[in-house]
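The structure under discussion appears below in the form of structure tokens.
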Protein chains: 2
Amino acid sequence: MDITGAILIGSGERTASETFDGVDPATGATLAPPISQAGLDDVAAACTLAEAAFPVFSELALEQRAAFLETIADRIAAIGDDLIVRAMAESGLPRARLEGERGRTIGQLKLFAGVVRQGDWLDVTIDPALPDRAPLPRPDLRRRNVALGPVAVFGASNFPLAFSVAGGDTASALAAGCPVVVKGHPAHPGTGELVARAVREAVTACGLPEGVFSYLPGTSNDLGGALVADPRIKAVGFTGSRGGGLALVRIAAGRDEPIPVYAEMSSINPVVLFPGAAKSRGAALGTAFVQSLTMGAGQFCTNPGLVIAVDGPGLDAFVEAAKAALSTSPAHLMLTPGIHTSFEQGVEALAAHASVETLARGLVGEGVNQAQGAFFSTTAEKFLADKALGHEVFGSSSILIRAKDMAEVAKLVRGLEGQLTATLLFDAEDEAAVAPLVPLLAARAGRILANGWPTGVEVSHAMVHGGPYPATSDSRTTSVGSLAIERFLRPVCYQGLPDALLPDALRSANPWQVARRVDGIVERG
Amino acid sequence: MDITGAILIGSGERTASETFDGVDPATGATLAPPISQAGLDDVAAACTLAEAAFPVFSELALEQRAAFLETIADRIAAIGDDLIVRAMAESGLPRARLEGERGRTIGQLKLFAGVVRQGDWLDVTIDPALPDRAPLPRPDLRRRNVALGPVAVFGASNFPLAFSVAGGDTASALAAGCPVVVKGHPAHPGTGELVARAVREAVTACGLPEGVFSYLPGTSNDLGGALVADPRIKAVGFTGSRGGGLALVRIAAGRDEPIPVYAEMSSINPVVLFPGAAKSRGAALGTAFVQSLTMGAGQFCTNPGLVIAVDGPGLDAFVEAAKAALSTSPAHLMLTPGIHTSFEQGVEALAAHASVETLARGLVGEGVNQAQGAFFSTTAEKFLADKALGHEVFGSSSILIRAKDMAEVAKLVRGLEGQLTATLLFDAEDEAAVAPLVPLLAARAGRILANGWPTGVEVSHAMVHGGPYPATSDSRTTSVGSLAIERFLRPVCYQGLPDALLPDALRSANPWQVARRVDGIVERG
């Protein structure tokens, strides 16, 4: 499969005179070919096709839509090593990571195929007619979920496969029955095009309307803004910075018709280390912490950017082990020169901050755009006195707060902004101290972990990758796991329709064999 | 129970020097006592208490929260006839209607008590640990829904009981575990206070923190705006005008932390009359249509404000019967002088519109604030040429469009804004013509009715009282029926926590006996 740098609109494509280049962050060199900048006409064309595709695509039989998702997965696998090689060049991420990410991307698509087939997402609910009820009879009422409409998806820089062109947002929107228009991330345009072509092949192979999928590469904020503002777009999926996410939220709220924006934005993912665990295995935890901190140059939404620990004898072992591990930790290439610059600026600001002590730095890298890990410390009072200390530094930077006692830990937790994750490191003897923190953290995070590390997100039914603002713009949902399909659905009730006029999902004979809630009780399909 | 005109904050109350008066719309006379205007300090005090109550209230055992909802229902019933008499005086609605509405209000609270007890709303989902999985083990993952936080509820003018102080929004928010701060509607302050006192009694009787409920009467938009802007408020329920709803949406979007606003705003509830039905029973349908149009002075969100019909022999019978019925239809007292004035203005604008013909008017009322029903007609071309013809006139006003053929009907439907309901009147012979309209309407409305009238909303599991913008500000939900609880919930995942640290809903022994989705399959509790 060739990378041409084209804009892919439905089954058509075009090149533009205005172009930009992919960049190899390891060298700063540009990567051929030049990539066309999509423009406002392309937005309009893609949205026109998406709107036209919506009625057919949203009402596909479950099996057809599931097969489509599986076909996308197969076509992505069929790209072969070209995809990995290009993604390595564009992202600086190592082969093993990208092969794993490809596996996750394919797995996500297959998970949603299974979710679609099973049909629980339809939430079929039937209140049978009660013709003899007094004073008024009850009509036959049947409810199902339907797709919202065309969805705009913004690829993320840090997961060029799993959170990008055919990543979680696209998979869940397609699963719900929503056509997708992707604004490709400019940091990996060749990778994006390869995946976009795979999705297009699947659209054709499955005989679907071409508007089910379009791909708009580009570097300008105006392009993304126009896509969110297009009246045919009915929801937005985004992963990126707080500034970028909030800009999209504002555009969406300013439309004639406001639409939901699912923006996953920023999180420092607090880790709370309890005294018992620090005492019994502080050194081991310190080493493991640095592994989580520096994995993938710290470029995970769930990177542990804050450690809260009660000062005490075990804590020194944790700190010393973390310092030792970080001091010998090699620098990692970052995704883009821009991300590297932001990381450097964030780390420099912390290092220069009067309230902050630098505990350790990682090894200096030999090439450009290498992240030198950083571990800082401060006190609870100082942390609470300056909100800037709680802002995310994207990359392998973390800050330790030595708290005087559990009361101070609770005070720190109460002061936290919304988070994707919160991690508790404790031994059995700590449990009485842990217990009151669990509800405090549940009020502030989408996922609470015990004795693990947040940098690892299972794609499953119970996963929540979300959380209160500013972790996301909408805490009611998740962007990872099967629950993500609900972001793109709305309920419709059918009252008194004859069976022949009902959608298949609601017919009395239950031809799709889905679970149904009848008079409030779920019956298996 | 006495009406004192006080502001009720938690278990405390105060009167303000600034007051306003309830008004009897039948006479324009003011009703004693003067009602205190809540101010910004009251907003802050109520929100402080609500935030303090949240941790306890949101984690109540299911049985406790269900019993609380039932206690509210009992206390409202215990107010007795005072409530009906005061509501009649303040709203101009007749006794039978208000007694029915009280029954619905009590029924809603009891429905949600049942929903809370059953526990499906927790959506408990468990992906058991897979310690031997390669290449990486899967940790134990457990997900449940938790309450969003304190909720602001705005009472509606047109349902002084069922959509007001202890109406659907309050019942569903309390069911979810969210403390509620009500901004009382100034059109029925005495009714509101009586119900608010009943809720407070239930809070005390159930031993709950006082901040679970507060009641802020007032007439100013600033009061409501301050409530929505308060950082402790995490969601908003509103029923009212499009202007009012959008103002709240904008305030919420402009906060540091954006929050969801569930505003139910405006809908003209199209009715499509098919040729077969018009021919076989046009006259009967015309009479029934006027009944639906004029019921309660047309002051329902689901009032049928638009009739689309294919021109033909049966249509005249429908029109003649509707004209005859409306011409002898008595005027009805409207809820407030302001609503009456808006109705008059809307009807006058239509009557004077060059594209509109007046088919019939109802009888002129003898007192003040009486709604004289109105039925207009126009053509498809003219309707499509002026968007103003599709705007809601709140009250018993409707407009008939004579379409040339089914293609023109489809064109009209495609041009519709989002609606709460869409009604299809058809005979068996029409079904082939109806079928393609069903998905078109499902894309534009929250509820599709066959051969019924939209002015009647069952409170049940399958009901959807919602729809695409501008019917509501958030099409993903409903404000009536058990699904409404989902508006006030968000998911939280617990990874690897020992059983003793898990919330009861997620413990392995399933002490609450709730349904659980295990590895993707729901198991009954």
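All values reported here derive from a predicted model rather than from experimental measurement. Sequence lines set the chain letters: A, B, ... in the order given, protein chains first and strands last, and positions in each chain run from 1.
To the nearest 0.5 angstrom, B:Met463 atom CE is 5.5 Å from A:Gln495 atom CD. For the atom pair CG of A:Asp127 and NE2 of B:His461, the computed distance is 6.0 Å after rounding to the nearest 0.5 Å. B:Arg476 CZ to A:Lys234 NZ: the interatomic distance, rounded to the nearest 0.5 Å, is 13.5 Å. Within the model, atoms CZ of B:Arg142 and CZ of A:Arg447 stand 15.5 Å from one another, a figure rounded to the nearest 0.5 Å. Between the OG atom of A:Ser473 and the CD1 atom of B:Ile259 there is a distance of 13.5 Å, given to the nearest 0.5 Å. Atom OG in B:Ser460 sits 12.0 Å away from atom CD1 in A:Ile126 (nearest 0.5 Å).
Note: A:Arg524 leads A:Arg524, A:Glu417, A:Arg250 in heavy-atom pairs under 4.5 Å with chain B. Contact tally against chain B (heavy-atom pairs below 4.5 Å) for A:Pro55, A:Ala450, A:Cys493, A:Pro260: the top residue is A:Cys493. Residue with the most contacts toward chain B among A:Thr478, A:Val249, A:Leu489, A:Leu483: A:Leu483 (heavy-atom pairs, distance under 4.5 Å). Top candidate by heavy-atom pairs under 4.5 Å with chain B, chosen from A:Val146, A:Asp123, A:Ile448, is A:Ile448. Between chain B and the options A:Gly452, A:Ala443, A:Ala500, the largest number of non-hydrogen pairs under 4.5 Å is found for A:Ala443. Between chain A and the residues B:His465, B:Arg144, B:Glu431, the largest count of heavy-atom pairs under 4.5 Å involves B:Glu431. Per-residue counts of heavy-atom pairs under 4.5 Å with chain B were compared for A:Gly496, A:Gly481, A:Gly456, A:Gly446; the largest is that of A:Gly446. Among the candidates B:Ser482, B:Ala422, B:Pro468, B:Ala515, the residue making the largest number of heavy-atom pairs closer than 4.5 Å to chain A is B:Pro468.
Between the side chain of B:Tyr494 and the backbone N or O of A:Val438 there is no donor-acceptor pair closer than 3.5 Å.
Within the 4.5 angstrom heavy-atom criterion, no atom of A:Glu59 approaches chain B. The contact between A:Leu501 and chain B is made by backbone and side chain atoms together, counting heavy-atom distances below 4.5 Å. Proximity to chain B is absent for every atom of A:Asn451, based on heavy atoms less than 4.5 angstrom apart. Residue contact with chain B, scored on non-hydrogen atoms closer than 4.5 Å, is absent for A:Pro470. Residue contact with chain B, scored on non-hydrogen atoms closer than 4.5 Å, involves the side chain of A:Ala253 exclusively. Only the backbone of B:Arg487 comes within less than 4.5 Å of a heavy atom of chain A; no side-chain atom from C-beta onward does. Looking at A:Phe426, only its side chain comes within 4.5 Å of chain B, counting heavy atoms on both sides. With a threshold of 4.5 angstrom between heavy atoms, A:Thr477 approaches chain B through N, CA, C or O but not through any side-chain atom. In this structure, the portion of A:Leu148 lying under 4.5 Å from any heavy atom of chain B is its side chain and not its backbone. Neither the backbone nor the side chain of A:Val124 comes within contact range of chain B; no heavy atoms are under 4.5 Å apart. Looking at B:Pro439, neither its backbone nor its side chain comes within 4.5 Å of chain A, counting heavy atoms on both sides. Using a 4.5 Å cut-off between heavy atoms, A:Val492 contacts chain B through both its backbone and its side chain. Using a 4.5 Å cut-off between heavy atoms, B:Pro498 touches chain A through its side chain atoms alone. At a 4.5 Å heavy-atom cutoff, the contact between A:Asp256 and chain B is made by backbone atoms alone. If you measure heavy-atom distances from A:Ala445 to chain B, the contacts under 4.5 Å come from the backbone alone.
The pair B:Arg490-A:Asp474 fails the salt-bridge criterion, with no side-chain N (NZ, NE, NH1 or NH2) lying under 4.0 Å from an Asp/Glu carboxylate O.
Remark: A:Arg255 CZ is packed, more than 12 non-hydrogen atoms of other residues, nucleotides or ligands lying under 6.0 Å away. Heavy atoms from other residues, nucleotides or ligands lying under 6.0 Å from CG of A:Asp499 number more than 12.
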Exercise. Kindly indicate, with the supporting measurements, whether the criterion salt bridge (charged side-chain N to carboxylate O under 4.0 Å, His left out) is fulfilled by A:Arg133 and B:Glu458.
Key: CA-CA 12 Å; A:Arg133 190 184 63 174; B:Glu458 184 75 25; 2.6 Å; yes
